[in-house]
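Report on one structure; see the data block that follows.
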Amino acid sequence: MSRDIYNSIEAINASSIKRHYTGSIQYAAGALERGAEFHRNLLETEPKDMPPNAKLIYDSIMKHPMLKLIFEKAAKEITFIKEVEIDGRKVAAKGILDLHCPMYSINADIKTTSCTNLRSFAADMTKHYNHIQAVWYSYLTGYDPANFYYIGVPNKFKGELFIHRHTPSEIEEAETLIRSFLVHRGL
């Protein structure tokens, strides 16, 4: 499905909820486009055809036992469009997941980051309301949001990837933010 078709579907996605809390992120348009290009190179390109920077990251993923299993078994850039039920409300929902791994009931998202260590990367995931994304994708797939992993790729990659999952309190906060958004929207 093309991005234009996906965008034309009337349904709530994690980005629209996050934008409700962050406002416009147009100031980061360049970084977002670089991230989208990186995703295409890593997730939609055969390893032999990847540009050098994506191939370097791919090789690092393949050296990590858990990430290798997830990456090899996951559907990549998979679209979900469905009605979900949240607190008895039926909500038209959509999302494009970077990595969806039914074999292990795991969803994962690859994030490029300017962070230089895991602690700051983990803080950034909540600061930028990405915990909403983790919970939203759990609604779409039926997987526990604790099984949502971020794979952080530093802009100045030196061979280290950051792997992060949200804490129970961050997941609870995201659920509350989603409920508040739905109430705000009159759903």
Same apolar cluster (I L V M F W Y, side chains within < 4.5 Å links), [X]/[Y]:
X	Y	result
Y143	I81	no
I78	F38	no
I110	F157	yes

Give the minimum heavy-atom separation between D144 and A146, together with the two atoms involved.
OD1-N, 2.7 Å
Which heavy atom in F80 sits nearest to a heavy atom in L140, and how many Å separate them?
CD2-O, 3.7 Å
When the ring centroid of [X] is compared with that of [Y], is the distance short of 6.0 Å?
X	Y	result
Y137	H100	no
F148	H131	no
F71	Y58	yes

Could you give the distance from [atom1] ([X]) to [atom2] ([Y]), rounded to the nearest 0.5 Å?
X	Y	atom1	atom2	value
R185	R89	CZ	CZ	12.5 Å
N41	K55	CG	NZ	13.5 Å
T113	I151	OG1	CD1	13.5 Å
E37	L42	CD	CG	12.5 Å
I171	T126	CD1	OG1	10.0 Å
H39	T112	NE2	OG1	7.0 Å

Is there side-chain contact between [X] and [Y], with heavy atoms separated by less than 4.5 Å?
X	Y	answer
Y139	V91	no
K111	H128	no
S180	Y21	yes
L177	I17	no
L99	I106	no
V153	L161	yes
N117	R119	yes
W136	K18	no

State whether the side chain of T45 and the backbone N or O of R40 hold a donor-acceptor pair below 3.5 Å, judged by distance alone.
yes
Backbone N or O of A74 within a donor-acceptor pair of the K76 side chain at under 3.5 Å?
yes
Residue pairs passing the ring-ring contact (aromatic ring centres under 6.0 Å, His included) test with at least one member in residues 102-127, sequence neighbours excluded, are F121-F162
Check the pair T176 / E173 against side chain to side chain contact (heavy atoms under 4.5 Å, CB included), numbers first and verdict last.
CA-CA 5 Å; T176 299; E173 178 185 338; 5.6 Å; no
Report, as yes or no, whether the 6.0 Å neighbourhood of atom NZ on K82 holds more than 12 heavy atoms from other residues, nucleotides or ligands.
yes
Show every donor-acceptor pair shorter than 3.5 Å between a side-chain atom in residues 62-70 and any protein atom, with sequence neighbours excluded, or say none if there are none.
| residue | atom | partner | partner atom | Å |
| --- | --- | --- | --- | --- |
| H64 | ND1 | M66 | N | 3.4 |
| H64 | ND1 | L67 | N | 3.2 |

F181/I132 under side chain to side chain contact (heavy atoms under 4.5 Å, CB included): CA gap, chis, key distance, verdict
CA-CA 11 Å; F181 171 81; I132 288 172; over 6 Å; no
Side chain to side chain contact (heavy atoms under 4.5 Å, CB included) between I178 and L182: does it pass, once the steps are laid out?
CA-CA 6 Å; I178 290 168; L182 295 175; 4.2 Å; yes
